[in-house]
Amino acid sequence: MGVRVRVRISRGNKSTDLVVLVNSGAESEEPVIVVDKSVAEVLGFSHEDFNVIEVELASGRGHAYISKEKVEVSLLSEKGEPLSSIKAYLAVDEALTEPLMTDATIDELGIQVISFKKGLWRHVNDPSGVVRKSPKP
């Protein structure tokens with residue numbers, strides 16, 4: 001199943017809510033949310049707002065577009081209330097099949113995985129015993 005969380009990505013007066021895969025295998029020095037081109041367009045990004053970078057994947061090296069500026073990323077509860085917020089870069093991968101976040105993003109948002117297989121997680125500020133279920137992708 002995998003762990004997925006609902007986030008709100010905001011840039012200026014534009015925002016979008018997404019279900020994002022929590023992918024600890026995607027490593028980055030800074031928080032990054034990886035999306036497809038349509039999400040970047042909703043947020044008002046144009047081609048000039050990105051730099052091309054080389055990325056190392058398990059299947060080899062490739063290229064991705066990374067935003068020159070950070071966006072606001074809010075981790076949302078089941079009721080749509082913010083649990084935590086950070087600034088992160090937006091990466092666009094044209095071959096992406098599902099939005100994902102990197103390890104740095106997971107840590108900074110305070111996501112603690114309980115079970116990847118069952119899709120269970122908690123927020124670092126949750127009372128002990130609280131277990132959250134992943135939303136459907």
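This is a predicted model, so every value here is computed, not measured.
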Exam field: side chain Ser134 to backbone Arg4, donor-acceptor pair closer than 3.5 Å: yes

Can you hop from Leu76 to Met101 via hydrophobic side chains spaced under 4.5 Å? no

Ignoring hydrogens, what is the shortest heavy-atom contact between Val22 and Phe116? Give both atom names and the distance. O-CE2, 3.9 Å

Is there any salt bridge (Lys or Arg N to Asp or Glu O under 4.0 Å) pair reaching into residues 5-21, and which pairs are they, with sequence neighbours excluded? Arg8-Asp17, Arg11-Asp49, Arg11-Glu69

Side chain to side chain, Lys37 and Tyr65, heavy atoms closer than 4.5 Å: no

Phe45 versus Ser67, closest heavy-atom pair with distance: CE2-CB, 3.8 Å

Under 4.5 Å between any side-chain heavy atoms of Glu98 and Asn23, yes or no? no

What's the shortest heavy-atom distance between Val73 and Ala88, and which atoms? CG2-CB, 3.9 Å

Quick check: does any side chain N or O of Thr105 sit under 3.5 Å from a backbone N or O of Val32, one acting as donor and the other as acceptor? yes

Nearest 0.5 Å, please: how far is CG in Asp107 from OG1 in Thr102? 9.0 Å

Around atom NZ of Lys68, are there more than 12 heavy atoms of other residues, nucleotides or ligands at under 6.0 Å? yes

Nearest heavy-atom approach of Val3 to Leu120 is CG2-O, 3.8 Å

Locate the shortest heavy-atom distance separating Pro137 from Val19; write the atom from each residue and the value. CA-CG1, 4.0 Å

Establish whether Val34 and Val42 are linked, either directly or via other cluster members, by ILVMFWY side-chain heavy-atom contacts under 4.5 Å. no

I'd like to check His123 versus Gln112 (side-chain heavy atoms, cut-off strictly below 4.5 Å). Are they in contact? no

In terms of hydrophobic clusters joined by side-chain contacts under 4.5 Å, are Val71 and Leu100 together? no

Once you round to the nearest 0.5 Å, how far does CD1 of Ile33 lie from CG of Leu109? 6.5 Å

ILVMFWY cluster, Ile53 and Tyr89 together (side-chain gap under 4.5 Å): yes

Are any non-hydrogen side-chain atoms of Pro135 and Glu78 less than 4.5 angstrom apart? no

As an exercise, state the distance from CD1 of Ile86 to OG of Ser74, rounded to the nearest 0.5 Å. 9.0 Å

CG (Asp103) and CD1 (Ile111) are apart, to the nearest 0.5 Å, by 11.5 Å

Can you see which heavy atom on Trp121 is nearest to which on Leu83, and at what distance? CH2-CD1, 3.9 Å

Hey, could you give me the CD1/CG distance between Ile66 and Leu90, rounded to the nearest 0.5 Å? 7.5 Å

From CA spacing to verdict: side chain to side chain contact (heavy atoms under 4.5 Å, CB included), Arg132, Ser77: CA-CA 9 Å; Arg132 298 176 186 269; Ser77 72; 3.8 Å; yes

Do Val35 and Val52 belong together in a cluster built from hydrophobic side chains that touch within less than 4.5 Å? yes

